[in-house]
Q: 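My questions all concern the structure below.
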Amino acid sequence: MSKGYFSFLYFIILSTHSIYSQTGPGGVDNSTNNVLWLRADAGTSTTTNSVAISSWADQSGNNNNVSQSTANLQPLYMSSIINGFPCIWFDNVSNTNDKMLGKNSTTLDGTTGYTFFTVTRPQSLDGNARAIISKRTTVSVQESFMHFFYSSNKVFVDIETTDDRYNTTTTFSNNTNYIIDQLYDGSLAKASRCKSYVNCNLDITSAETNTIVPNNISPLIIGSTDSADGRPFGGYMAELIIYRRALNNAERYIVDNYLSAKYNITIFNDLYAGDNSSNGDYDYNVVGVGTDATGSNNSFSTSVSLGLGITQNTGFDNGDYILAGHKTTVNYLDSSDISGISGTSIARWGRVWYFDIRDAATAMKVNMSFDLVNGGFPLAPNAGTASDYQLIYRSGQTGTWTVVTTASSTSGTTITFNGINLPNGSGYYTIATGKKTVSPLPIELLGFTAIANGNKVDINWQTITETNNDYFTIEKSEDGKNFTQLATTKGAGNSTTEKQYYESDYTPYSGTSYYRLKQTDFNGKFVYFPMTTVNFNLQKNIRFFPNPIIANQQLNVQIDGYKNQEVLVVLRDMTGKEFYTKTIITQENSQLYTIDATQQIPPGIYLIVGSSNESMYSQKIIVK
């Protein structure tokens, strides 16, 4: 199974290269204007439930990361809070309130416009100031913005000091999920420079004196009005987004629909039905193109949707939208659910997108691309012949596929379909190949993990399909550069069902070490997959395995943490009769030895003891 047919997928890598530039939330804008994107499902220092986080990395590409080094001020990572997605929980403890701080960055101010999106679930609303996000030193000092729950449980907003502070008409409730948008446009008349939206519905238009927010020297703060304030936010935060310009309505609708689908929050102007349970809950990575009287969002990148990219071609009138989302966290190759697809060796992507198509007048045409790397195959080969690739559609989640059209061109790992009018309308779309042997949609390794377990490292990998796969080789390294062979495992040859493989490293390196997988075909061709790391803290231990053991089989002795010491191994039956004794002088910090004790003894239960001058380990061994 050569590189062309077996690409690695133990995690998804989002490529930074695309023919599209729209890589922000929902496929709206990019890092030039999307200057902050904090998501609880990405960039946190831990993903363990109820464990404090010390850092939260910005996903916008601007490195506006936030962190907290003081333990009692760190919020908690909480898994599966809103629609199965995690949240960051900021507590309600006064004077030790959780907050996260970021550096001053000129990307966060020095602007004539803003659009903010926040997804929160407040828990402690009581009329006190409970800040979601701010950038200020203290009250009206170097203050670029602040959004906070306050009097009468409304949301208050400051833009460039507190001089024109305003509040929503909506009264917010505890333990309720909200999407709150705040817009500031310094180019508009004073009376209409600020707007607030609650769940995509316009709540208030308010005046703002300032036409620009200057470059203020102040930190970014999450969960507090300023760094010295002891008043806690008291609630969950799922997502925080900042654009340094006022988005047009089409762009804002798309971002709101992305957030609505992801967090299952009902919104005004819902443009995407794929997140409904009747349509299969296609909630992930919702993106869109569309046109409104105020402007358009004319494309989105294959990276932000995990494989699919769309650009408006012609026919987009006011109110025309295409939104798409999927439900497959891990992409794979499907060679069974292919009814209706033409070809000699057929396969399709397992990742399918639901398209919600809203075409008010002139028939829309789009250019569409699928990228193999962004689709989840980091080691994908270049695409093959364009005419072998097919855009496929069906109206339901199951049934026969319809071929919409064949690809216009391929370039590198990208397959492009130009000038498509999508005559089938809303439904389920993905990409297929009629000749997977020469125009592949790469075959994948579903997972590869190496996990410290006691004094060994357990290695596990899974395949969904295999073609001409002779064997696997596990290699390990202390520096990530120089590898040694650990084990070989026979492959399945040819398979279209999921296969599980296991190995263990009984002599792991202490500290950080690296493991990688090599796959070799019957013809000798091979491919290496990306490595994974393990941080292994070696502890003193003496272990004996396997257990039970078959008579005349070698018994293994794993000795860890006893470099340049004598270890005495004694084997006795349960009456105390000695059958075997040997003194081992260790040379390394972790070594594996073998003994042939079972050649001398009948089946039964025995006690084996390993001892040094400072400790002793005993274990019962069953000999069959």
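In this chain, residues are counted from 1 in sequence order. Below, each value reflects all heavy atoms present in this structure, side chains not excepted, and no hydrogens, waters or symmetry copies. As the structure is a prediction and not an experimental result, all values here were calculated from the model.
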Q: So, do Pro86 and Tyr77 sit near enough that their side-chain heavy atoms are less than 4.5 Å apart?
A: yes
Q: Could you tell me how the ring of Tyr282 sits relative to the ring of Tyr354: parallel (under 30°), tilted (30 to 60°) or perpendicular (over 60°)?
A: tilted
Q: Go through the steps for Asp292 and Arg252 under the test salt bridge (charged side-chain N to carboxylate O under 4.0 Å, His left out), then give the verdict.
A: CA-CA 10 Å; Asp292 178 84; Arg252 184 174 57 81; over 6 Å; no
Q: Classify the ring geometry of Trp461 against Tyr501: parallel below 30°, tilted from 30° to 60°, perpendicular beyond 60°.
A: parallel
Q: Between Thr111 (side chain only) and Gly113 (backbone N and O only), is there a donor and an acceptor less than 3.5 Å apart?
A: yes
Q: Could you tell me whether a side-chain N or O of Ser45 sits under 3.5 Å from a main-chain N or O of Ile53, the two making a donor and an acceptor?
A: no
Q: Any side-chain donor-acceptor pair under 3.5 Å between Tyr263 and Glu239?
A: yes
Q: Side chains of Leu220 and Val66, heavy atoms from C-beta outward: is any pair under 4.5 Å?
A: yes
Q: Between the side chains of Thr291 and Ser296, is a donor N or O closer than 3.5 angstrom to an acceptor N or O?
A: yes
Q: Look only at the side chain of Arg244 and the backbone of Thr107, and say whether a donor-acceptor pair between them is shorter than 3.5 Å.
A: yes
Q: Hey, can you tell me if Phe149 and Phe233 have their rings parallel, tilted or perpendicular (30° and 60° cut-offs)?
A: tilted
Q: Residues in side chain to side chain donor-acceptor pair (under 3.5 Å) with Asn264, at least two apart?
A: none
Q: Taking side chain as C-beta onward, heavy atoms only, is Asn285 less than 4.5 Å from Val304?
A: no
Q: Verify, without hydrogens or angle tests, whether Ser196 (side chain) and Asp203 (backbone) share a donor-acceptor contact under 3.5 angstrom.
A: no
Q: Any luck finding a side-chain donor-acceptor pair between Ser218 and Asn216 under 3.5 Å?
A: no
Q: Flag yes if more than 12 heavy atoms outside Trp56 fall under 6.0 Å of its CH2 atom; otherwise flag no.
A: yes
Q: Sub-3.5 Å donor-acceptor pair from the side chain of Asp320 to the main-chain atoms of Gly290, do we have one?
A: no
Q: For a quick check under 3.5 Å, do Asn276 and Ser278 share a side-chain donor-acceptor pair by atom type?
A: no
Q: Kindly determine whether Asp41 and Lys262 satisfy salt bridge (charged side-chain N to carboxylate O under 4.0 Å, His left out), including the steps that lead there.
A: CA-CA 11 Å; Asp41 60 337; Lys262 183 174 181 178; 3.1 Å; yes
Q: Looking at Asp283, is its backbone amide N or carbonyl O close enough to the side chain of Asp281 to form a donor-acceptor pair, meaning the two atoms are under 3.5 Å apart?
A: no
Q: Check the surroundings of atom CD1 in Ile217: do more than 12 heavy atoms from other residues, nucleotides or ligands lie under 6.0 Å from it?
A: no
Q: With Thr430 as reference, evaluate Val352, Leu441, Asn331 under the side chain to side chain contact (heavy atoms under 4.5 Å, CB included) test and give the passing residue.
A: Val352
Q: Report the residues that fulfil side chain to side chain contact (heavy atoms under 4.5 Å, CB included) with Asp185, sequence neighbours left out, ordered by chain and then residue number.
A: Ser187, Leu188, Ala246
Q: Please verify the inter-ring angle class for Tyr184 with Tyr114; under 30° counts as parallel, over 60° as perpendicular, anything in between as tilted.
A: tilted
Q: Going by distance alone, is a donor N or O of one side chain under 3.5 Å from an acceptor N or O of the other, for Ser144 and Asp109?
A: yes
Q: Among residues at least two apart in sequence or on other chains, which ones pass ring pair (Phe, Tyr, Trp, His ring centres under 6.0 Å) with Phe156?
A: Phe148, Tyr150
